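Just below is one structure, and these are the notes that go with it.
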Amino acid sequence: RSESEGIDRLVELLDQVDPEYSAKLAVYARNEFGMRSVSHVLASEVTRRVSGKTWTKEFVNSVIRRPDDITEILAYSISKYGKPLPKALQKGLANAFSKFDEYQLAKYRGEGKNVSLVDAVNIVHPKPVEKNREALEKLVDGELKSFDTWEKNISAAGSDSEAKEAAWKELVSTGKIGYFALLRNLRNIEDTGNKELINQAAELLIDENRIRKSLVLPFRYLVA
C-alpha cells in the first residue's frame, strides 16, 4: 500500500482500540525499533482523541529522540488539522526541546522544510534550559550554524584520493562517524582499497552496543 493508505489504515485502527494502548505502542515502536513515521502520526492522532489525561504530554515527549521528530510531528499535524494544536501535543513538544544541546539543534535546523526548527520554536514556545538557552536564541536569530561534521571532513578532501583515505581513516579509527553513516558509506570506504580500514569498519558494524543504539532497520543492511 502507499504511504497515505498506510496512514489511513493506521488511523482507522486507532479508533478501534484504547488510545493509551496506541500511545504505548508508539513509544515502543520509536524507542525499541526506531520507527519514526508511525510514531509521529500516533503522537498527533492520539492527542486529538484524549483530553484531560496526565500522561499525554509525557507520551509525546517519549517518542521524540531527535529534534526533527518535533518538526515532523508538527508538519503532519498542521497539514492535516491546521492550528491550534491540542494542548497536550504543544506541551509535549515544548518539553522535548530540553533534551537537545546546541550541536543537535544546529544539525536538525530543517531549513527549507515544511516546518523548520525555528517554526517549531515559534509554534510551541519551549522554555529554555541551561544547556540550550543560548542555542535557542541563536536559532531564532538565524545565527545557529552547523558544527564540524564528518561530511565536511570528507568534502574538504575533494577528489584527492589520499586525503579522502586519511579522512575516512580518522573517522573510523576514532569512531566519530555514526553507525548509520558508516553503513551507508561502506562502498566509499571499500573504494579506498585500505584493507585495515575496511576491517576496522567491519568491527564497528558488528559491535552489539552500536547496533542497539543505532536503531537501524534491517532493510538498511540489504541496501548497503
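Every value quoted in this text rests on a predicted model; they were computed, and no experiment measured them.
For the pair Arg184 and Phe180, the cation-pi criterion (under 6.0 Å, within 45° of the ring axis) is fulfilled.
Tracing side-chain contacts under 4.5 Å through hydrophobic residues (I, L, V, M, F, W, Y), one reaches Val50 starting from Phe59; they form part of the same cluster. Note on Leu93: it does not cluster hydrophobically with Val129, by side-chain heavy-atom contacts below 4.5 Å among ILVMFWY residues. Under a hydrophobic clustering in which Ile, Leu, Val, Met, Phe, Trp and Tyr are joined whenever their side-chain heavy atoms come within less than 4.5 Å, directly or via other members, Tyr81 and Ile7 fall into different clusters. A continuous path of hydrophobic side-chain contacts links Val140 to Ile70 [ILVMFWY only; heavy atoms under 4.5 Å]. Cluster annotation: Val38 is not connected to Leu215 through the hydrophobic network of ILVMFWY side chains, with a link wherever side-chain heavy atoms come within less than 4.5 Å.
Salt bridge annotation for Asp15-Arg49: present, with a cationic side-chain nitrogen under 4.0 angstrom from a carboxylate oxygen. Ion pairing between Glu137 and Arg133 fails under the 4.0 Å rule for side-chain N and carboxylate O. Ion pairing between a basic and an acidic side chain is recognised when a charged N comes within 4.0 Å of a carboxylate O; Lys107 and Asp68 show no such pairing. The pair Asp191-Arg187 meets the salt-bridge criterion, since a charged nitrogen lies less than 4.0 angstrom from a carboxylate oxygen. One finds no salt bridge joining Asp119 and Lys113 here, because no Lys/Arg side-chain nitrogen approaches an Asp/Glu carboxylate oxygen to under 4.0 Å. Comment: Lys138 engages Glu102 in a salt bridge, judged by a side-chain N to carboxylate O separation of less than 4.0 angstrom.
For Asp101 (side chain) and Gln104 (main-chain N/O), a donor-acceptor pair under 3.5 Å exists by modelled atom type. The backbone N or O of Ser44 lies less than 3.5 Å from a partner atom in the side chain of Thr47, making a donor-acceptor pair. At distances below 3.5 Å, at least one donor-acceptor pair connects side-chain atoms of Tyr179 with backbone N or O atoms of Leu205. Of the possible polar contacts, none joining the Asn185 side chain to the Leu182 backbone as a donor-acceptor pair under 3.5 Å is found. Between the Asn132 side chain and the Phe97 main chain, a donor and an acceptor come within less than 3.5 Å of each other.
Nearest heavy-atom pair across Ala135 and Leu144 is O-CD2, 4.0 Å. Across all non-hydrogen atoms, the minimal contact from Ser116 to Gly110 is CB-O, 3.4 Å. The two residues Val60 and Ala43 come nearest to each other via the heavy atoms CG2-O, 4.5 Å. For Ala96 against Ile64, the heavy-atom pair with the smallest separation is CB-CD1, 3.5 Å. Leu14 and Leu42 get closest at one heavy-atom pair: CD1-CD2, 4.2 Å.
A donor and an acceptor atom, one from each side chain of Ser62 and Arg30, are nowhere located under 3.5 Å apart. If you check the side chains of Lys99 and Asn61, you find a donor sitting under 3.5 Å from an acceptor.
Annotation: side chain of Leu89 is in contact with side chain of Ser77 (closest heavy-atom distance under 4.5 Å).
Residues Tyr108 and Phe100 keep their aromatic ring centres 6.0 Å or farther apart.
Among residue pairs with one or both ends in residues 196-224, none qualify as salt bridge (charged side-chain N to carboxylate O under 4.0 Å, His left out); sequence neighbours excluded.
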